[in-house]
K.L.:
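Before I ask anything, let me first share the structure, which is written out below as structure tokens.
Predicted, not measured: the structure shown is a model, and the values here were computed from it.
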Amino acid sequence: MIRGFTRFKCNECSKKFWGLDVEWRATAFTAPLQCPQCKSFHTYPVGILGLGTGKAKLYKEIWESIDEDKNSIIPDR
């Protein structure tokens, strides 16, 4: 479900950008978006609560899931 727009931060290059706030697999989490600068999916929403690096730790499992999915679809050459 689309919930609006939110600001994201990339865990790799620290770029902040705006994007769609879409729920992650029917949970309260926001689905990570691809960073426009470094193309990483290791991003998380920066919200009013501002959990800082704690939020990055919460998203680590989501990023691992995305990385596994990408590797199963696109094999190493």
Side-chain angles (χ1 to χ4, degrees):
M1 174 183 5
I2 298 173
R3 298 182 288 218
F5 287 91
T6 192
R7 195 156 165 85
F8 287 84
K9 182 176 180 183
C10 179
N11 197 53
E12 304 298 323
C13 69
S14 298
K15 174 155 180 76
K16 291 184 179 176
F17 61 97
W18 286 93
L20 281 177
D21 182 352
V22 179
E23 70 181 27
W24 172 256
R25 297 183 179 176
T27 66
F29 287 103
T30 298
L33 295 182
Q34 188 174 32
C35 175
Q37 183 168 307
C38 71
K39 307 302 182 206
S40 171
F41 277 95
H42 293 198
T43 62
Y44 57 92
V46 179
I48 296 170
L49 296 177
L51 298 173
T53 57
K55 195 172 268 190
K57 290 178 186 176
L58 288 172
Y59 271 79
K60 187 175 181 180
E61 287 184 37
I62 294 174
W63 299 333
E64 289 171 357
S65 172
I66 290 171
D67 292 343
E68 286 175 12
D69 290 347
K70 282 192 331 189
N71 290 335
S72 67
I73 295 171
I74 306 170
D76 292 334
R77 296 176 190 208

K.L.:
Same hydrophobic cluster for V46 and W18, using side-chain heavy-atom links shorter than 4.5 Å among ILVMFWY?
P.N.:
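No; W18 is not reachable from V46 via cluster members.
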K.L.:
Kindly indicate whether the side chain of F8, heavy atoms from C-beta on, has any atom under 4.5 Å from the side chain of T30.
P.N.:
yes
K.L.:
Which heavy atom of R7 sits nearest a heavy atom of K16, and at what distance?
P.N.:
NH2-CB, 3.4 Å
K.L.:
Compare all side-chain heavy atoms of S14 with those of K9 and state whether any distance is below 4.5 angstrom.
P.N.:
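Yes. Closest side-chain heavy atoms under 4.5 Å.
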K.L.:
Of all heavy-atom pairs between L20 and I2, which one has the smallest distance, and what is that distance?
P.N.:
CD2-CG2, 4.1 Å
K.L.:
Using side-chain heavy atoms (C-beta onward) and a distance below 4.5 Å, is K15 in contact with T43?
P.N.:
no
K.L.:
Can you check side chain to side chain contact (heavy atoms under 4.5 Å, CB included) on H42 and D67, steps first, answer last?
P.N.:
CA-CA 9 Å; H42 293 198; D67 292 343; 3.0 Å; yes
K.L.:
Quick one: closest heavy-atom pair of W24 and S65, and the distance?
P.N.:
CZ2-OG, 4.2 Å
K.L.:
In terms of ring plane angle, is the pair Y59 and F29 parallel, tilted or perpendicular, where the classes change at 30° and 60°?
P.N.:
perpendicular
K.L.:
Are any of the side-chain heavy atoms of D21 and P45 separated by less than 4.5 Å?
P.N.:
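No, their side chains stay 4.5 Å or more apart.
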K.L.:
When you compare the side chain of Y44 with that of L58, does any pair of heavy atoms fall below 4.5 Å?
P.N.:
no
K.L.:
Give a yes or no on whether F41 and L33 share a hydrophobic cluster (residues Ile, Leu, Val, Met, Phe, Trp, Tyr; joining criterion: side-chain heavy atoms under 4.5 Å apart).
P.N.:
no
